[in-house]
Amino acid sequence: MDIKHNYFSDEAEVLGEIQAAGQHSITLDFEAETNAGHWHDFDAVVYIMDGELIITDLETGERCVCTRGSRITAPRGVLHSEETPGYRATVGLPEKFENLTQPINKPPPVVL
């Protein structure tokens, strides 16, 4: 994952960047939660619009606190966990949100 802090200043800038990259955008509100390790089968760029998200890369152990203005480039397949008191994010996706495979959060692979 690549995380940049104080990356953007407003929603128009974010939407312009997503559109210029040929991605689809969606803005979501996330409730307070702590989730288990998971991964996604798509690349995403997450822009934190408000609140706080703590991401832990479970392969490296790196933990990062992301707040308003943070941009997270999350490649498919990265095993991570998330902790938040709640946040709002605009996400750039390679296809429309409703076309993504479910569940969005894929369970970690089983190690035998």
Side-chain angles (χ1 to χ4, degrees):
M1 271 187 253
D2 178 46
I3 299 172
K4 294 183 174 28
H5 300 285
N6 300 312
Y7 181 81
F8 66 91
S9 57
D10 62 25
E11 186 176 15
E13 182 181 350
V14 167
L15 294 174
E17 184 169 303
I18 290 170
Q19 183 179 21
Q23 298 174 320
H24 298 271
S25 66
I26 186 167
T27 299
L28 302 165
D29 290 308
F30 294 88
E31 301 287 327
E33 76 168 315
T34 298
N35 60 40
H38 65 277
W39 59 280
H40 309 287
D41 64 354
F42 53 86
D43 296 326
V45 182
V46 181
Y47 301 84
I48 306 298
M49 306 306 286
D50 195 26
E52 178 180 277
L53 171 64
I54 301 167
I55 298 176
T56 302
D57 182 321
L58 296 176
E59 293 178 14
T60 67
E62 183 180 351
R63 186 172 191 250
C64 190
V65 178
C66 302
T67 57
R68 176 169 170 65
S70 295
R71 176 184 187 243
I72 305 156
T73 303
R76 75 181 70 222
V78 174
L79 187 60
H80 64 284
S81 64
E82 302 163 344
E83 181 181 338
T84 181
Y87 71 102
R88 179 178 186 84
T90 297
V91 184
L93 298 165
E95 58 186 287
K96 292 183 179 180
F97 183 78
E98 58 269 17
N99 294 338
L100 298 174
T101 61
Q102 298 296 319
I104 296 293
N105 293 350
K106 310 290 189 234
V110 176
V111 179
L112 300 175

Can any side-chain N or O of [X] pair as donor or acceptor with the backbone N or O of [Y] at less than 3.5 Å?
X: W39; Y: P107; value: yes
X: N6; Y: G69; value: no
X: R76; Y: D41; value: yes

Are [X] and [Y] joined in one hydrophobic group, where the rule is that I, L, V, M, F, W and Y side chains link up if heavy atoms are under 4.5 Å apart?
X: V46; Y: I3; result: yes
X: F8; Y: I72; result: no
X: M49; Y: L53; result: no
X: V45; Y: I18; result: yes
X: L79; Y: F42; result: no

To the nearest 0.5 Å, how far apart are [atom1] in [X] and [atom2] in [Y]?
X: I55; Y: R63; atom1: CD1; atom2: CZ; result: 11.0 Å
X: R88; Y: T27; atom1: CZ; atom2: OG1; result: 5.5 Å
X: M1; Y: T60; atom1: CE; atom2: OG1; result: 8.0 Å
X: C64; Y: H80; atom1: SG; atom2: NE2; result: 13.0 Å

Are there more than 12 heavy atoms of other residues, nucleotides or ligands under 6.0 Å from atom [atom1] of [X]?
X: Q19; atom1: CD; value: no
X: E11; atom1: CD; value: no
X: E31; atom1: CD; value: no

Specify the closest pair of heavy atoms between [X] and [Y], including all atoms of both residues, with the distance to one decimal.
X: L93; Y: A44; value: CD2-CB, 4.0 Å
X: E83; Y: T34; value: CG-OG1, 3.6 Å
X: G51; Y: I48; value: O-CG2, 4.0 Å
X: V65; Y: H5; value: O-CE1, 3.1 Å
X: S25; Y: L15; value: OG-CD2, 3.7 Å
X: L58; Y: G37; value: CD1-CA, 3.4 Å

Check whether any side-chain heavy atom of Y47 sits under 4.5 Å from a side-chain heavy atom of R71, and report yes or no. yes
Any side-chain heavy atom of T101 within less than 4.5 Å of one from K106? yes
Apply side chain to side chain contact (heavy atoms under 4.5 Å, CB included) to V78 and E59, showing your working. CA-CA 8 Å; V78 174; E59 293 178 14; 5.8 Å; no
Take E98 and L100 through the test side chain to side chain contact (heavy atoms under 4.5 Å, CB included) and record every step on the way to the result. CA-CA 6 Å; E98 58 269 17; L100 298 174; over 6 Å; no
Using the rule given for side chain to side chain contact (heavy atoms under 4.5 Å, CB included), can you reason through E17 versus V14, listing the C-alpha separation, both sets of side-chain angles and the distance that settles it, and then say yes or no? CA-CA 5 Å; E17 184 169 303; V14 167; 5.9 Å; no
According to the interplanar angle, ranging from 0 to 90°, do the rings of H38 and H40 count as parallel (below 30°), tilted (30 to 60°) or perpendicular (above 60°)? perpendicular
Would you sort out whether I104 and F97 count as a side chain to side chain contact (heavy atoms under 4.5 Å, CB included), showing the intermediate values? CA-CA 10 Å; I104 296 293; F97 183 78; 4.3 Å; yes
Salt bridge (Lys or Arg N to Asp or Glu O under 4.0 Å) between R68 and D50, worked out: CA-CA 5 Å; R68 176 169 170 65; D50 195 26; over 6 Å; no
All ring pair (Phe, Tyr, Trp, His ring centres under 6.0 Å) counterparts of Y7, not counting sequence neighbours: none
